[in-house]
Amino acid sequence: MSELSNQQVQSNSLVSSPTDKILIGDKDADYNSVEAEQDKTELFTDESTTCFIKRPKVRQFLFKMYLVLKELLIVSLMAITYAALMNDAPKISKSPASFPFFPHDSIVIDWYHGELSEAIDKARESDIAFVMFYAPWDAESQAVRAQFDLAARYMGDEVSFAAINCWQPGSECRKQYSKAYSWPVLIAYPTHGKGIQYKGPNTAHYMVKFLKSLTRPLLRIYDESDVDDLLSNHDAVIVGCVNAKPGSIDYAIFYNTALRFLEKDPIQETVFAVISDLNNEYCTENSPSMALHMWNETLLYASDDWKSTSLLTWIVTNLHQVSAWITPLGSKSLTLSSFLHPGPALILFTPRNPLNSFVDYYDLLHEVGLEYYNCGNMLHVQLHALRVSVKRKDNRHKYSELMKTCSLKTTVPHVKRYPSVVTYTLPQKWANHSCCLANSKVIPEKCFDCDPVNILNERLELECHHFENCNGHSTTNYQAKNENCYDEDPRSAGNLIRRWKTENCRIAQLARQFHPVLLSESVRDTEEARLNVSGLACKLNTSMALIALDSLRYYHFAERLGIDISQAEDRTAAVIINQKMEAHHILYGPVNDRTLREFIVNFTSSSLPRALDSETTLNPRSRRKCIDQRRKSTILELNTDTFFPIVMQDNKAVIVFYYSKQCSFCSGISYTLLTVAKMLKGVTSLQFVRLDGDLNILPWAFTLDSYPTVILFPMKRKSESRIFPRDISVTVPNLISFILVNVNPSLKLHVMWTLCKQTKFEDEKLQCVASVRKENLFVIDNTLRAWRRADLLSKKKLLYRLQQLRNINMLLAHSSDDASSIELYLNRLHFIPTDDVQISVDKKKFVRDEL
């Protein structure tokens with residue numbers, strides 16, 4: 001053990017001696033020897049010693065990375081500091097100053113700075129306020145401005161009109177209504193409750209009708225006979241039996257439902273009526289209750305959920321009608337398509353005056369519709385149709401009487417107008433504690449048992465104004481004695497009746513300015529002589545919808561169907577569209593009781609011809625100039641009227657190009673067709689034409705289902721037309737080859753020669769002339785064969801053709817440069833002489849020369 005320990009000590013001393021020399025030895029020791037000793041020493045080190053030696057390199061690398069990151073951090077900090085010092089507040093240009101949108105003399109209150117809350121608060125002070133939210137730059141807002149101002153001038157005494165600029169940057173209205181899809185937005189605000197948006201046509205007369213309906217959303221009725229009278233003037237009647245006493249929640253809900261329904265029906269085609277007497281036989285035991293009266297049935301609201309939203313949902317879900325006015329709003333409205341897609345639809349185009357209480361042509365459609373849908377010959381439907389017929393005659397009489405009355409109305413002094421919608425504390429009697437009541441003797445209650453809400457009613461006038469024998473007193477005498485009191489009390493019964501008459505004349509005068517009343521032609525046929533249309537709806541798999549469009553606003557719909565409304569009698573026309581059959585049928589002539597029924601009967605029996613109309617009838621004034629310019633081009637533009645006269649010419653082969661403006665490939669093929677047409681312009685017996693298949697309706701045999709399509713109608717053989725193959729690209733060589741293959745030999749020869757004349761290189765021209773001469777000899781050979789088998793008359797015609805072919809052959813062989821002579825003989829090939837034409841041909845000489 002001692003020896004082993006001694007050896008270890010010696011070995012340790014050998015290893016440590018160089019280190020000691022370096023650390024403690026002489027300072028002048030050789031550095032190289034020391035480094036060599038270190039290298040040797042490293043050979044004997046273990047793994048721990050190796051890691052110890054490499055650790056300084058890692059530290060050095062980390063130190064360098066620290067320096068780099070430090071520099072990057074300093075540079076970033078400097079950049080951020082510089083940006084912060086140089087970053088000023090963003091320069092935003094000031095919004096343009098707002099200016100009044102309405103003229104200074106307008107009665108419309110214009111909040112052109114966009115003060116929304118202030119404008120709404122001001123509007124709530126009136127019984128009804130009609131507000132227009134607009135954008136000054138919007139073209140539609142600028143167009144509606146004049147109509148809104150005109151409506152304000154007429155209804156300003158009853159309704160407050162205001163306008164708010166909702167586009168002014170930074171304004172209150174802009175912040176709240178920044179996501180409006182379109183301008184303007186028209187909303188009517190009653191004193192209490194939410195606003196009612198107006199969604200009808202943006203014209204003054206429609207606005208006035210909407211506001212008139214808004215001031216009187218409910219009608220008071222008494223029994224079932226009143227419901228029948230309302231059904232003869234309206235599409236449907238909604239009757240509510242509710243308690244109408246002040247503070248009644250049920251009445252308020254029903255009243256609000258009638259207001260909300262005006263958003264869907266601004267013209268009040270469906271009317272709301274109320275029966276306030278709950279002891280009436282018409283009302284059920286349950287109160288409140290509501291019934292929906294339609295042409296063929298009456299539905300009762302069976303739910304206990306008496307809320308406006310529930311009532312509206314139930315009405316919209318169950319409402320159906322025989323005929324309906326359609327008002328497409330916007331460029332992408334789907335209103336009309338919902339009637340056309342299920343099946344055929346009869347559209348009546350007639351002027352609609354919203355201020356008139358009736359439209360005679362629409363009442364005619366309604367009457368015929370009741371008969372058309374009466375499949376089971378139900379008695380109540382027949383009575384309903386009879387009431388509509390009687391009502392039409394009565395309307396004529398009432399209108400004539402109104403015109404006579406209003407013509408004398410100018411002599412009656414104007415009664416000062418007051419708002420018709422006033423917050424009353426309703427008395428039980430119509431005498432409103434005026435001086436007339438105070439200064440008069442006691443008159444029985446029966447004479448005053450009238451409701452002030454319904455004082456503007458013709459029936460009330462008859463019951464109250466002309467009520468007599470009230471214990472020796474009469475209201476007429478009572479009013480005569482108190483004429484001075486009427487002037488002092490503007491809301492007395494007499495003044496209200498006088499004002500009602502004056503208002504009727506004002507409405508009639510305004511309606512006549514918009515459009516006069518039109519009455520359909522009076523047909524004196526008896527009921528037996530009329531065509532019976534009862535139950536025809538059940539004879540088709542799908543019944544026909546009956547709708548009406550205002551021809552004053554939607555005349556362009558009629559023009560697209562080939563109806564010129566400006567030339568139609570009373571601007572009224574009828575058309576049946578069968579979209580599944582891709583056909584429509586037009587009623588030519590006046591619309592009356594007889595012609596409309598005949599039109600429906602003929603359609604049911606499939607005896608109506610399909611309407612064939614073209615772009616010349618769609619908009620004659622604007623399109624005829626364009627068509628005249630197109631006819632001057634190389635390719636003639638056809639329409640339905642010119643298609644058959646041009647395409648069916650016996651002495652010409654016609655190439656027809658069917659296209660559509662919605663077809664993206666048609667433009668490229670049009671250029672190819674135009675190129676070929678210019679190349680073959682000298683061939684007079686070949687004509688290139690085109691037809692817009694969307695705007696021009698042709699018979700089924702000439703109607704195509706895809707575009708573009710090229711069809712060749714050969715000369716004399718029109719029934720053997722050829723369609724350019726769809727699997728071959730339409731190029732100039734392919735189109736020329738298609739023509740050469742499908743035309744007759746004479747025309748083919750002419751086309752080949754025309755192409756040869758346009759050859760630029762001499763060697764190609766010689767080859768082309770040789771091919772033409774070869775084709776000419778082939779035609780001569782076939783013509784001689786036909787001549788040998790022909791009769792005497794045909795031989796004369798064939799000899800004439802052979803003479804022209806012989807001349808062409810001689811010119812091609814010896815004088816191919818004489819293009820004019822060759823062209824002359826080629827044109828003569830297409831001429832077929834008649835029996836009267838003398839053909840000067842030396843038969844023997846001609847046959848000898850050919851042999």
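When all heavy atoms are compared, the tightest approach of Glu297 to His320 is OE2-NE2, 2.7 Å. Shortest non-hydrogen contact noted between Leu340 and Ile347 is CD2-CD1, 4.4 Å. Leu355 and Lys209 make their closest contact through CD2-N, 4.1 Å (heavy atoms, listed as atom of the first residue, atom of the second, distance). Considering every non-hydrogen atom in both His384 and Ser232, the closest pair reads NE2-N, 4.3 Å. Residues Leu231 and His366 share a closest heavy-atom pair of O-NE2, 4.3 Å. Here the closest heavy-atom approach between residue Phe254 and residue Ile238 is recorded as CZ-O, 4.2 Å.
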Problem - Residue pair Met294, Leu299: steps toward the side-chain contact (heavy atoms from CB on, under 4.5 Å) verdict - result: CA-CA 8 Å; Met294 293 173 287; Leu299 300 179; 3.8 Å; yes
Handout entry: Verdict with reasoning, Tyr206 to Asp550, per side-chain hydrogen bond (donor to acceptor under 3.5 Å, both in side chains)
Key = CA-CA 12 Å; Tyr206 281 90; Asp550 185 4; 3.0 Å; yes
Exercise for the section: Start with the C-alpha gap between Leu292 and Tyr301, add the side-chain angles, then the distance that decides, and say whether side-chain contact (heavy atoms from CB on, under 4.5 Å) holds. Expected result: CA-CA 8 Å; Leu292 174 60; Tyr301 182 70; over 6 Å; no
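Evaluation of the side chain to side chain contact (heavy atoms under 4.5 Å, CB included) rule for Pro342 yields no partner, not counting sequence neighbours.
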Atom pairs and distances, side-chain donor-acceptor, residues 570-578, under 3.5 Å, sequence neighbours left out:
unit_1	atom_1	unit_2	atom_2	d
Asp570	OD2	Tyr361	OH	2.7
Thr572	OG1	Thr350	OG1	3.2
Thr572	OG1	Asp570	O	2.9

List the atom pairs, donor and acceptor, that lie under 3.5 Å between side-chain atoms in residues 241-250 and the rest of the protein, sequence neighbours left out.
unit_1	atom_1	unit_2	atom_2	d
Asn243	OD1	Lys245	N	3.2
Ser248	OG	Asn243	O	2.5
Ser248	OG	Tyr251	N	3.3

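Between atom NZ of residue Lys199 and atom CG of residue Leu262 there is a gap of 12.0 Å, rounded to the nearest 0.5 Å. Atoms SG and CG, on Cys406 and Asn504 in that order, are 7.5 Å from each other to the nearest 0.5 Å. Distance CD1/Ile267 to OG/Ser213: 7.0 Å, rounded to 0.5 Å. Distance check, rounded to the nearest 0.5 Å: CD1 of Ile315 to NZ of Lys264 gives 10.5 Å. Annotation: the span from Asn356 atom CG to Leu518 atom CG amounts to 9.0 Å, rounded to 0.5 Å. Leu214 contributes atom CG, which lies 12.0 Å from atom NZ of Lys212 (distance to the nearest 0.5 angstrom).
Aromatic ring centroids of Phe272 and Tyr255 lie 6.0 Å or more apart. Between Phe349 and Tyr554, the distance from one ring center to the other does not fall under 6.0 angstrom.
Within the 4.5 Å cutoff, no side-chain heavy atoms of Glu598 are placed close to those of Asn592. Within the 4.5 Å cutoff, no side-chain heavy atoms of Gln268 are placed close to those of Phe210. Within the 4.5 Å cutoff, the side chain of Ile221 has no heavy atoms near those of the Val274 side chain. The closest side-chain heavy-atom distance from Leu519 to Val517 is below 4.5 Å. Residues Leu346 and Phe603 fail the side-chain proximity criterion, which asks for heavy atoms closer than 4.5 Å. Looking at His293 and His234, their side chains never come closer than 4.5 Å, going by heavy atoms from C-beta outward. No side-chain heavy atom of Tyr198 sits less than 4.5 Å from a side-chain heavy atom of Ile187. Contact annotation: the side chain of Tyr372 never approaches that of Arg597 to less than 4.5 Å [non-hydrogen atoms, C-beta and beyond].
Distance alone, capped at 3.5 Å, places no donor-acceptor pair between the Asp235 side chain and the Thr270 backbone. Judged by distance alone, the side chain of Asn374 and the main-chain N or O of Leu370 form no donor-acceptor pair under 3.5 Å. For Thr327 (side chain) and Pro201 (main-chain N/O), no donor-acceptor pair under 3.5 Å exists by modelled atom type.
Atom CZ of Arg512 has 12 or fewer heavy atoms from other residues, nucleotides or ligands within 6.0 Å. The neighbour count for Tyr555 OH, taken as heavy atoms of other residues, nucleotides or ligands under 6.0 Å away, does not exceed 12.
The pair Lys391-Asp229 does not count as a salt bridge, with every side-chain nitrogen at least 4.0 angstrom from each carboxylate oxygen. In this structure, Arg392 pairs ionically with Asp593, as a charged nitrogen and a carboxylate oxygen lie closer than 4.0 Å. Ion pair Glu401/Lys501 not flagged as a salt bridge, since none of the NZ, NE, NH1 or NH2 atoms sits closer than 4.0 Å to an Asp/Glu carboxylate oxygen.
Trp295 and Tyr373 have tilted rings, their planes meeting at an angle from 30° to 60° on a 0 to 90° scale.
Of the residues listed (Trp325, Tyr362, Phe514), the one engaging Arg352 in a side chain to side chain contact (heavy atoms under 4.5 Å, CB included) is Trp325, and it is the only one.
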